[in-house]
Q: 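Have a look at this one before I ask anything.
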Amino acid sequence: MKLDFTSVWQYWPFLYHGALLTLKITAICAVLGFLLGIVLALVKISKYKPLIWFGRFYTSIFRGTPLLVQLCIVHFGLPQLLGFTLTTTQSGILTFTLNSAAYVSEIFRGGIMGVDKGQYEASMSLGIGYGDMMKDIIIPQAVKHILPSLVNEAIALLKESSILSYIGAVELLRAADQITVLTFRFFEPYLVIAVIYYVFVMILSAVASRLERWVNRSDRV
Ligand code: ARG
C-alpha cells in the first residue's frame, strides 16, 4: 500500500482555511478564558459565601461534564430554548471560553494562594487597597508561577478545538474529513493534520519558554 500525498496537497486550501479557523478560535478562547478565569478565581477566593458557591458550582459543572456535551448543548440545545441560533464558530468560542475559564480559575486560585503571605501583609501595612493589591502585586506574581500551567491550557484548547468538527465547523479536522471524502484516502489527510497540530503545539511551547525566561529575568542575579 503506497502513500500518496499529492492528492492531499491538491486540496491544500482546505487545510489552510481549516488551520486559520483552528488558530483563530484557540487564540480568542485563550484570551477570553484567561480573563474570565481570573474573575472566577477572584470570585472563589472572595469573602462572600454566595459568590464562592457560585464559583464552585460553575467550576464543577464545566469540569464535570464532557466538553463535547457542553458544545452540543450550546449549539443544538440553546436554539430550542432561546429561539436564535449561533454559528458553529460562535458556539465554539462561547463553549470553549466558558469551559476554559473553569480550568484557568483553578490554576489561578492555586497561583494566588501560592503567593507568599508576607506579600499580602506588606501590601496591607502600606495601606494598598484590595483591588490594587491584587492587580499590581499578587496577580503578577501568581502569573509568573502558573505560566507553565496556562501554556498547558492553551495547548489543550488548541487540540480540543478539533471537536468543533462534530458540529460542522470547518476547522482542521473537518477540513481533513472533507479531503478524505474527495480523495478516498484517509491515512494521508489525517497524518498531515496531525503534523500541523504538532507543529502548532511546538511553536506555542517555544514561544512560551521564551516568555517564561522573560518573566523570570529579574530572578537571575
Ligand atoms: N476532553 C476534556 C473534556 O471533555 C477536555 C476538557 C478541556 N480541557 C481543558 N483543559 N480546557 O472535558
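Each ligand, and each atom within it, is numbered from 1 in the order the structure gives. Positions are given from 1 along the sequence.
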Q: Are any of the side-chain nitrogens in Glu171 or Arg174 under 4.0 Å away from the carboxylate oxygens of its partner?
A: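 Not counted as a salt bridge, because no side-chain N and carboxylate O are separated by less than 4.0 Å.
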Q: Knowing that exactly one of Leu98, Val31, Val104 qualifies, which makes a side-chain contact (heavy atoms from CB on, under 4.5 Å) with Leu36?
A: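 Testing each of Leu98, Val31, Val104 against Leu36, the sole residue satisfying side-chain contact (heavy atoms from CB on, under 4.5 Å) is Leu98.
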Q: Check side-chain hydrogen bond (donor to acceptor under 3.5 Å, both in side chains) between Thr97 and all other residues, then give those that pass, not counting sequence neighbours.
A: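 Partners of Thr97 under the side-chain hydrogen bond (donor to acceptor under 3.5 Å, both in side chains) test: none.
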Q: Does the Gln70 side chain pair with the main chain of Thr65, one donor and one acceptor, at a distance under 3.5 Å?
A: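 Between the backbone of Thr65 and the side chain of Gln70 there is a qualifying donor-acceptor contact (under 3.5 Å).
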Q: Listing by chain and number, which residues have a heavy atom under 4.0 Å from ligand 1?
A: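 Ligand 1 is contacted, at a heavy-atom distance under 4.0 Å, by Thr65, Pro66, Leu67, Asn99, Tyr103, Glu153, Ala156, Glu160.
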Q: Just by distance, no angles: are the side chains of Thr59 and Lys44 close enough, under 3.5 Å, to form a donor-acceptor pair?
A: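 Looking only at side-chain atoms, Lys44 and Thr59 do form a donor-acceptor pair, the distance falling under 3.5 Å.
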Q: May I ask you to check whether Phe108 and Phe34 place their ring centres under 6.0 Å from each other?
A: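 Between Phe34 and Phe108, the centre distance is under 6.0 Å.
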